[in-house]
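Beneath this line is the structure, given in structure tokens, with notes to follow.
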Amino acid sequence: MKYVEEFRRHDLAQQLADAIGKAVDPDRQYNLMEFCGGHTHAIFRYGVQDLMPPNVKFVHGPGCPVCVLPIGRIDNAIQLVEQHDVILCTYGDMLRVPASGRKSLLRVKAAGGDIRMVYSTQDALAIARDNPGREVVFFAIGFETTTPPSAVAIRQAQAGGLGNFSVFCNHVLTPAAIQNILESPELRTMGSISIDGFFGPSHVSSIIGSRPYEFFAEEFQRPVVIAGFEPLDVMQSALMLVRQLNEGRHEVENEYTRVVTRAGNIKAQTLVAEVFELRRSFEWRGLGLVPYSALRIKDSFGGLDAERRFDMPAIAASDVKGCECPSILRGVKRPTDCKLFGTVCTPDNPMGSCMVSSEGACAAYWSYGRFRQSGTPDARESAA
Ligand code: SF4
């Protein structure tokens, strides 16, 4: 298939692996964080880590929208169903994420809660039109990629006078999270996992462009390469990062030129700016409160904001005891560092969000089973 198979060619992967092997300085370590869960899965699915020299290590970041949502926000969504009798519309990934008290949206649905899995915001609007006597709330999550469709739905609902529809907004912003990671004292002081460079997100960057990363590339002196999601994209981007680090450069480069431009999708950005504004701070699982890292619905669309329509107090909730999701999302631990991994916690019985989502690091480790192979960096570390 054009634009897919050509980015998975074995012969080209081997050439890139050879080029990276020749480019690396054997006397230094290259810790490269892939922010996106999509990159994490490409790395595991295609065995990209196994093709890297031992001193090039991928560090998994917080770029999984389901994983970073704190439990308290899921508890809020459950309250909407249980206390306000709304029809809650949600993407499928959210259904199985554990909430407080061993609940999840799936369990609440099984107990009779009216929770509907949708594939788009348009599905949620259709449910609202079909149920004029019920309140319908869309549980909006995701990074900059999923924000424009939420903006479209809010505008359409306002224009169409759809009075029973509202949005529980949990949209978060990538650059603020990367900056938070770079400012983290934990990552600065723990030398073995300090991050030398970043793979910039693919889909997010198709919306916001490559320009927003320029500030922290310069400020924190870390190179960023916007990378596509196919294995050759990841390998080519790894080579570009290695070359920048060797040459002492810290620039934003774009490997994913077939989709991403410096300015991004102006139409989508304009739409988002019309409907949303910055929150002063927002809690991320793993990162805590991050300033200006999420969006809220503007006053001009305030009637469609579920947080204003319903009483939704902030809920402080903790992760399941022993779950290392917060540390994994910060890049300071790996799934195999969690004692529950593969024993108590599996995709069939997830204890934390990182095992639920198709973009979560624990799900990637488990699904592709590479932690079981001898010779992989994890296996070598465990054996040491
Ligand atoms: S293996 Fe399960 S419990 Fe452990 S960090 Fe991952 S999601 Fe949490």
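We count ligands from 1, going down the list as the structure has it; atoms in each ligand are counted the same way.
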I328 contact mode with ligand 1 (heavy-atom cut-off under 4.0 Å): side chain
Heteroatom test (N, O or S) for C325 near atom 2 (Fe) of ligand 1, limit 2.8 Å: no
Heavy-atom gap P335 to ligand 1 smaller than 4.0 Å: no
For atom 5 (S) of ligand 1, the protein heavy atom that lies nearest, with its residue and separation: E324 N, 3.2 Å
Crowding at CZ, R258 (>12 non-hydrogen neighbours, <6.0 Å): yes
Atom 4 (Fe) of ligand 1 [closest protein heavy-atom partner, distance rounded to 0.1 Å]: C338 SG, 2.3 Å
C323 N/O/S atom closer than 2.8 Å to atom 8 (Fe) of ligand 1: yes
Atoms in ligand 1 with a heavy atom of M351 nearer than 4.0 Å: 3 (S)
Ring centroid separation F58 to F199 under 6.0 Å: yes
Contact atoms of ligand 1, heavy-atom distance to F341 under 4.0 Å: 1 (S)
Check against side-chain contact (heavy atoms from CB on, under 4.5 Å), N170 and F282: CA-CA 9 Å; N170 295 276; F282 191 76; 3.8 Å; yes
Distance from atom 6 (Fe) of ligand 1 to nearest protein heavy atom, with residue and atom: C362 SG, 2.3 Å
Aromatic ring pairing Y213/F216, orientation class (parallel under 30°, perpendicular over 60°, tilted between): perpendicular
Between T146 and Y91, a side-chain donor and acceptor under 3.5 Å: no
Step-by-step side chain to side chain donor-acceptor pair (under 3.5 Å) determination, S100 to D75: CA-CA 7 Å; S100 296; D75 292 344; 2.5 Å; yes
Minimum-distance protein heavy atom relative to atom 2 (Fe) of ligand 1: C345 SG, 2.3 Å
Donor on one side chain, acceptor on other, E135 and S166, under 3.5 Å: no
